[in-house]
Undergrad: 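What follows is a single structure, and I will ask about it in a moment.
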Number of protein chains: 2
Amino acid sequence: MSRFDYPVYLQLRDQLWSWIEAEKLSSQQRLPSERELSERFHTTRVTIRQALSQLEAEGLIFRSNRRGWYITPERLRYDPSRDVGFNRYVTEQGFKPRTETLFKQLTEVSPWLSEASGLEVGAPVYHVFRRRYVDERGLLVEHNYINPAHCPGLLGESTDLSIWQMLRDKYDLRPEHRDIEIYPLALKGLEADSLSVNPGAAGLYIQRLSFDQRGEFLELDREYWLHDALKISVRIGDRH
Amino acid sequence: MSRFDYPVYLQLRDQLWSWIEAEKLSSQQRLPSERELSERFHTTRVTIRQALSQLEAEGLIFRSNRRGWYITPERLRYDPSRDVGFNRYVTEQGFKPRTETLFKQLTEVSPWLSEASGLEVGAPVYHVFRRRYVDERGLLVEHNYINPAHCPGLLGESTDLSIWQMLRDKYDLRPEHRDIEIYPLALKGLEADSLSVNPGAAGLYIQRLSFDQRGEFLELDREYWLHDALKISVRIGDRH
DNA sequence: AAGTGGTCTAGACCACGTG
DNA sequence: ACGTGGTCTAGACCACTTT
């Protein structure tokens with residue numbers, strides 16, 4: 001219960017944050033270099049980094065690649081149960097969205113995708129890999145696996161906007177029910193690289209498995225978010 | 001794209017995990033000491049700790065206090081939209097649940113609680129603080145704030161089981177709709193201490209704000225989970 | 001009492017991003 | 001080319017847990 005030893009790195013955390021507030025550093029602004037900070041606070045780089053990591057874990061600052069430390073913007077509110085597209089709800093909250101398609105291809109159903117979707121292994125499936133930005137900070141990457149049976153020619157369309165909207169407007173496809181999975185994980189490999197974070201950076205995984213009006217597999221969505229980027233907000237019940 | 005430098009700590013991560021699999025270490029088993037590992041793998045404690053932290057971030061191992069590193073058990077599946085109590089769904093998945101009430105008291109509605117619940121600041125409210133275990137590992141702590149208007153004498157009851165079940169069976173109260181919030185955060189202070197983790201340990205925050213059949217505030221639930229402890233799983237739609 | 005993990009120092013070299 | 005963050009070494013002391 002007692003906290004006799006309040007370690008240096010936690011004291012530094014407090015000093016750092018006070019300093020940041022005093023300086024009125026705002027969203028996406030860069031902190032001084034680690035060497036400069038370690039001098040200013042009379043300690044080692046290792047210890048300053050521990051303090052910075054603490055603030056990072058709390059979601060107050062973030063780092064980008066080898067570029068430095070920055071102030072974390074406000075979390076984006078997100079309701080994975082709604083059909084509203086990314087661009088729309090980001091705009092609604094007063095931010096600027098952007099989507100980048102990193103690749104899209106027609107590929108074959110893998111064993112794990114088969115198990116989730118019910119499609120046969122080796123059957124054709126669209127695979128789209130995209131990165132989404134809010135105010136020019138990349139917040140998530142997402143893999144979309146789409147059943148081509150119901151939306152031939154999808155890859156010919158632009159995928160820089162809402163795939164949902166396209167499925168609804170062009171193909172009259174709407175999800176009837178969905179299985180959603182959410183859990184924290186460490187970002188690694190392709191996902192970590194694409195988001196310019198170190199392997200091991202904390203992330204949040206959101207998977208949405210959607211079936212259409214006839215109960216057939218429509219789409220599987222696998223999203224990898226930065227841990228400090230979003231706040232999931234859902235209302236349950238209240239269906240009139 | 002290229003990965004010319006595959007850092008030592010990531011190589012160690014791989015070696016460590018291979019070693020763990022070869023040794024067939026199972027859930028909740030302890031790893032050798034850091035000094036022993038750093039000798040075995042011909043490196044420093046600092047670097048071994050970096051490798052261990054990587055595995056921790058990935059949810060493969062966890063640490064407890066100053067006691068050592070352990071193999072992480074399988075994630076618990078959890079559906080925050082259902083009314084099923086903790087004890088029941090833990091048992092359903094073949095684990096052993098336990099709940100410990102750390103304190104319970106009648107207190108006054110604070111400003112932030114007032115904003116969430118609609119109760120007036122200073123009005124009476126029950127506050128229960130509990131810790132929940134699965135297979136004797138503490139996975140979460142939870143604050144319950146309950147409207148005493150509808151369930152007088154609640155604090156006299158045992159709170160080591162499901163509060164939901166009690167509200168339903170003894171007071172005929174069931175949630176009509178709920179606002180749920182979920183986001184990753186760092187565990188700190190009381191929550192970190194109660195779960196025997198360091199300040200800054202990755203966690204998942206789940207908040208459930210429930211209103212009863214008449215639309216009145218019933219209960220606010222604030223849960224702090226270990227990041228590696230759960231997998232949220234929800235089905236949306238499909239209501240027949 | 002012994003051993004553990006938690007913290008901290010004072011250096012160093014490297015790969016990478018930015019000018 | 002320079003400065004940055006990322007990584008790594010070889011120590012040390014302390015608080016705490018366990019024996």
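Below, chains carry the letters A, B, ... as their sequence lines are ordered, and counting in each starts from 1.
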Undergrad: For Pro32(B) and Val46(B), find the nucleotide of DNA chain C closest to each by heavy atoms; which residue's nucleotide sits nearer the 5' end?
TA: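 Closest to the 5' end, via its nearest nucleotide, is Pro32(B).
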Undergrad: With respect to the side chain of Arg66(A), which nucleotide from dC16(C), dT7(D), dG5(C) is positioned closest?
TA: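 The listed nucleotide nearest to Arg66(A)'s side chain is dC16(C).
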Undergrad: Counting any heavy atom closer than 4.0 Å, what does Arg49(B) reach on the DNA or RNA strands: base, sugar-phosphate only, or nothing?
TA: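 Arg49(B): base contact, heavy atoms under 4.0 Å.
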Undergrad: Could you check whether any side-chain N or O of Thr44(B) sits under 3.5 Å from a backbone N or O of Thr47(B), counting only pairs where one atom can act as donor and the other as acceptor?
TA: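 Side chain of Thr44(B) to backbone of Thr47(B), a donor-acceptor pair under 3.5 Å: no, none is there.
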Undergrad: Kindly give the heavy-atom pair with the smallest separation between Val141(B) and Glu191(B), and that separation in Å.
TA: CG2-CG, 3.8 Å
Undergrad: Taking the minimum atom-to-atom distance to the side chain of Glu34(A), which one of dC8(D), dG6(D), dG6(C) wins?
TA: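 When the side chain of Glu34(A) is considered, dG6(D) is the closest of dC8(D), dG6(D), dG6(C).
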Undergrad: Let me know the distance between CD of Gln50(B) and P of dG5(C), rounded to the nearest Å.
TA: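 Computing the Gln50(B):CD to dG5(C):P distance gives 17 Å.
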Undergrad: Once you round it to whole Å, what is the distance between P of dG6(C) and CD1 of Ile48(B)?
TA: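 Nearest whole value for this atom pair: 14 Å.
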Undergrad: What is the distance, rounded to the nearest whole Å, between atom CZ of Arg30(A) and atom P of dG3(D)?
TA: 13 Å
Undergrad: Tell me whether the side-chain N or O atoms of Arg45(A) pair up with the base of dG6(D) as donor and acceptor below 3.5 Å, since no angle test is needed here.
TA: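 Answer is yes: a donor-acceptor pair is held.
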Undergrad: Would you mind telling me which residue lines up with the more 5' stretch of DNA chain D, Ser33(A) or His42(B), judged by nearest nucleotide?
TA: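 Checking each residue's closest nucleotide, the 5'-ward one belongs to Ser33(A).
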Undergrad: Does a nitrogen or oxygen in the side chain of Thr43(A) sit under 4.0 Å from OP1 or OP2 of dC8(C)?
TA: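 Answer is no, no contact under 4.0 Å.
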Undergrad: Tell me if the aromatic rings of Tyr78(B) and Trp225(B) count as close, with their centers under 6.0 Å from one another.
TA: yes
Undergrad: Take Gln54(B) and Gln50(B) through the side-chain hydrogen bond (donor to acceptor under 3.5 Å, both in side chains) test and state the conclusion after the steps.
TA: CA-CA 6 Å; Gln54(B) 176 71 24; Gln50(B) 211 173 347; over 6 Å; no
Undergrad: Could you check Arg13(B) against Glu58(B) for salt bridge (Lys or Arg N to Asp or Glu O under 4.0 Å), going step by step and ending with a plain yes or no?
TA: CA-CA 11 Å; Arg13(B) 185 228 92 105; Glu58(B) 296 174 17; 2.3 Å; yes
Undergrad: Send over the distance from Tyr70(B) OH to dT17(D) P, rounded to a whole Å.
TA: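 About 12 Å, once rounded to whole Å.
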Undergrad: Given dG6(C), is OP1 or OP2 found less than 4.0 Å from the side-chain N or O atoms of Arg63(B)?
TA: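 Checking dG6(C) against Arg63(B), a side-chain N or O does come within under 4.0 Å of OP1 or OP2.
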Undergrad: Remember a base hit wins even if backbone is also touched, and classify Arg35(B) as base, sugar-phosphate or nothing at under 4.0 Å, heavy atoms.
TA: base
Undergrad: Taking atom C1' of dT7(D) as reference, at what distance in whole Å does atom CZ of Arg13(B) sit?
TA: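 Nearest whole value for this atom pair: 18 Å.
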Undergrad: By nearest nucleotide on DNA chain C, pick out whichever of Thr44(A) and Arg67(A) is the more 5' one.
TA: Thr44(A)
Undergrad: Report yes if at least one side-chain N or O of Asn198(A) is closer than 4.0 Å to OP1 or OP2 of dG6(D); otherwise report no.
TA: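 Yes, such a contact exists.
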Undergrad: Can you check whether Asn65(A) has a side-chain N or O nearer than 4.0 Å to OP1 or OP2 of dG5(D)?
TA: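 For dG5(D), neither OP1 nor OP2 has a side-chain N or O of Asn65(A) closer than 4.0 Å.
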Undergrad: Rounded off to whole Å, could you give me the CH2-to-P distance for the Trp69(B) and dT17(D) pair?
TA: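 Going from Trp69(B) (CH2) to dT17(D) (P), I get 17 Å.
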Undergrad: Rounded to whole Å, please give me the gap between OH in Tyr9(B) and C1' in dT9(D).
TA: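 Value for this atom pair: 17 Å.
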Undergrad: Tell me the interatomic distance from Asp193(A), atom CG, to dG6(D), atom P, rounded to whole angstroms.
TA: 14 Å
